[in-house]
There are 4 protein chains.
Amino acid sequence: MMSLREKKIAKKKQDILRSAATVLAEKGFQGTTMEEVAANLLMTKGSMYYYFKNKDDLLFQCHQMVMDLSLEKIEQVVNSDKDPIKKLEQAVESHILLATSEKSMFLMMDQPNQNFSGEHLEEALQQRKDYAHHFDDILQEGIEKGVFDETIDIRMVRFIILGALNWTLQWYSEDGPQTAEEIANSYAKHLLKMVVKDQ
Amino acid sequence: MMSLREKKIAKKKQDILRSAATVLAEKGFQGTTMEEVAANLLMTKGSMYYYFKNKDDLLFQCHQMVMDLSLEKIEQVVNSDKDPIKKLEQAVESHILLATSEKSMFLMMDQPNQNFSGEHLEEALQQRKDYAHHFDDILQEGIEKGVFDETIDIRMVRFIILGALNWTLQWYSEDGPQTAEEIANSYAKHLLKMVVKDQ
Amino acid sequence: MMSLREKKIAKKKQDILRSAATVLAEKGFQGTTMEEVAANLLMTKGSMYYYFKNKDDLLFQCHQMVMDLSLEKIEQVVNSDKDPIKKLEQAVESHILLATSEKSMFLMMDQPNQNFSGEHLEEALQQRKDYAHHFDDILQEGIEKGVFDETIDIRMVRFIILGALNWTLQWYSEDGPQTAEEIANSYAKHLLKMVVKDQ
Amino acid sequence: MMSLREKKIAKKKQDILRSAATVLAEKGFQGTTMEEVAANLLMTKGSMYYYFKNKDDLLFQCHQMVMDLSLEKIEQVVNSDKDPIKKLEQAVESHILLATSEKSMFLMMDQPNQNFSGEHLEEALQQRKDYAHHFDDILQEGIEKGVFDETIDIRMVRFIILGALNWTLQWYSEDGPQTAEEIANSYAKHLLKMVVKDQ
DNA sequence: TATGAATGAGCATTCATTCAT
DNA sequence: TATGAATGAATGCTCATTCAT
């Protein structure tokens, strides 16, 4: 169990991470200075280093937070007892709802190749792979159960879906003509059409 | 008409742009130094400033070069007298073939919001819009001619397609299991399934 | 008289000083952080400031501790009723035995000019002078009593002796081929040969 | 052969090194900022990095310059055809004359253990060893030729001599009562008395 | 007494940009 | 045209010091 102090420090870290993600998303990793991140939190640059070893560490922990959320969501979906169509629908919708509600957090994770290096890079890439493969599992299950078109190329379809989902960050705006829910539904509908078997 | 001297300069600029794009794609705009770009060309940092006003200018002209290529390609397709299915197929395939063959050039264009500002940003965004709307045109034509499902949401579908296409840069590798052509075909096949009317 | 509480504090200070000297000797004054000194004592940085006004003060008190020890030793020798040859011998030997047994403490005192300033510097330099002049006294006595060569230049000889003695810190190691005692004897023998009158 | 440009750059480097040595000697490596070194040369901090990779590099090259000078001198002496007494005399004198005339350069080399690390440290220590062993050679030769007392401990005597020589930096001042030459003579005379055989 | 947290001044280093040649 | 040299503003990071608890 966490002591009170550990809880407090964890809470503070979370605050910093959220705030950092906003700035990082807007200006990119290299374009963001520690000063900016700190200023956004009414902190001083130096204080940031009490909580994070360095800038890389800050980015990595941001990445972690988003990844943990994302993986948790999709694992819920994959491990449910819904049918594959419902699962894919929900995976797509849940990704969009999460990504749009935490837009800055997701944006910040873009291009890990440029921003991470060494072990951090490896770990980040592995987590992305893990996330991606959950879609493979759903697609595979759908084919086996005869609800998805058995002629689809699972890898390609997975790339198409993930590409479509990630792209939402580039254009989605809260003030846009459609709510996040509407977008989520629409995406699910169109993407499903790509894989369900014609009856 | 261009004088010989102007042609020579233009040629040199092209060389620089290509080389710069490679470096920029790998390390990102902010992560790339003028020195690296220059070194890659066996030039000195200082010399770059003979051809480009500054680093922003270099990036922008890189962006232009790719955009010109891309727009030319898609306009050829849109303005042809093929049927909408063929047009969409070709637009998708031509995008993938261009993007994979000039991967670094395309990668470098990512996230204009972070790298451009002021007029450059506006112009870059406008060109992206122009490119995107060509897909709208194809989709619209397909619906009007009764070959595309009239219940699709053109905007959403366009986003899905563009997202899928741009995402290829994140995973495509020359050494991958599929050639660019195979990927292009596969993408076209799957994406078309999303829009063509069931007969 | 010291109260029990004062004694406890004094004891703690001693502990800190010894520990600090070790770290300071290894990395130099500027190269050592308060954090390192504290960590070595299983303390926190902040706590150090209960015992010492600041980093300078810490160094100065370290210096004091060593100086007090050194001066006490040499004064014992000078004030004894031995003959000058015996005195010089013992002064040399006692310096080496003390310096080698408290190597880190002595090393840390190097280059007061770089590490002290203001009053601290003056005081440190004065103490060094005091220490040095005890050797002058022995040499003078030796000449007067006719056992030391009256043609020697006392100042020069003192410099040679002190230089030789201080240099031991640069090379002495507990694992070396000679024990501290052997070194002390050897130094005394050679240095004496420099000053005793040929009979 | 060096081109004119290479010569110019080498000259500039020399200027920087000399100036840097002065500041480094006064404040120590860690206590000296690049800004101070630069200011002393009417340069900007940034320009220093055109000539030196970093602060470590600057220190190391300073060290090299002094070492090269010192080694050259002592090798001249050792390789001459003088008798051992004359050789030791000259080695001592030449060290003192060099060290006093380039006091800051020599001071700056103090305590390589604290200022160098890795390969630089190894190389610096090796050069010091090389320098030291030239004294061993002279002593050895003297014993073999029967002019030095065969009961001396060469290693100890070498330590005493080097210690005495290096210590001059701590007290020598141009305004002192004795000129460098007088000091050199005096040192040589006293130190020789320690090793020459009584006839 | 002790310490967790915060701070701010300082520093090494990088890099786009300039300019004389 | 090309470049060597210089610059200065920016930036990540460190660390002595403070202080409320």
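Just the heavy atoms: all of them, side chains too, but no hydrogens, waters or symmetry mates, feed the values below. Chain letters run A, B, ... following the sequence lines, proteins first and then strands; every chain starts at 1.
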Under a plain distance cut-off of 3.5 Å, with no hydrogens placed, do [Y] and [X] share a side-chain donor-acceptor pair?
X: D:Q61; Y: D:D57; value: yes
X: A:Q114; Y: B:Q30; value: no
X: D:Q127; Y: D:Q64; value: yes

Item checked: Whether C:H120 and C:F60 hold their rings parallel, tilted or perpendicular, with breakpoints at 30° and 60° ->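 Parallel, since the angle between the ring planes stays under 30°.
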
Which ones in [range] lie close to DNA chain E, meaning a heavy atom under 4.0 Å from one of its atoms?
range: residues 108-119 of chain B; answer: none
range: residues 53-63 of chain D; answer: D:N54, D:K55
range: residues 8-35 of chain B; answer: B:T32, B:T33, B:M34

When rounded to the nearest 0.5 angstrom, what is the spacing between [atom1] in [X] and [atom2] in [Y]?
X: D:S104; Y: D:L24; atom1: OG; atom2: CG; result: 9.0 Å
X: C:M109; Y: C:S70; atom1: CE; atom2: OG; result: 5.5 Å
X: C:Y51; Y: C:I9; atom1: OH; atom2: CD1; result: 6.5 Å
X: A:M65; Y: A:C62; atom1: CE; atom2: SG; result: 6.0 Å

When you measure from the side chain of [X] to the backbone N and O of [Y], does any donor-acceptor pair fall under 3.5 Å?
X: B:S47; Y: B:M43; answer: no
X: C:E26; Y: C:V23; answer: no
X: C:K55; Y: C:T32; answer: yes

Check: Taking 5' to 3' order, which nucleotide of DNA chain E is first and which is last to have an atom within less than 4.0 Å of a heavy atom in chain B?
Finding: E:dC15 to E:dT18

Margin query: A side-chain contact here means heavy atoms from C-beta on lying under 4.5 Å apart; do A:L58 and A:I16 qualify?
Written below: yes

Checklist line | Minimum side-chain heavy-atom gap D:F106-D:L69 below 4.5 Å | finding: no

Check: Pairs in or reaching into residues 13-24 of chain A: which pass side-chain hydrogen bond (donor to acceptor under 3.5 Å, both in side chains), with residues at least two apart or in two chains?
Finding: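 Output for this query lists A:K11-A:D15, A:R18-A:E102, A:S19-A:N40.
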
Next item on the list: Treat a base pair as Watson-Crick or G-U wobble with both distances under 3.5 Å, then lay out DNA chain F in dot-bracket form, 5' to 3', with | for cross-strand pairs.
Entry: .||||||||||||||||||||

Checklist line | Residue mapping more 5' on DNA chain F - nearest nucleotide basis, B:L42 or D:M48 | finding: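 Closer to the 5' end of DNA chain F: B:L42.
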
Note to self: Assuming nearest nucleotide by heavy-atom distance, tell me which of C:G46 and A:Y51 is located more 5' along DNA chain E.
What the structure shows: C:G46

Checklist line | Chi angles and distances behind the side chain to side chain contact (heavy atoms under 4.5 Å, CB included) call for B:H63, B:M67 | finding: CA-CA 6 Å; B:H63 188 270; B:M67 257 310 168; 3.7 Å; yes

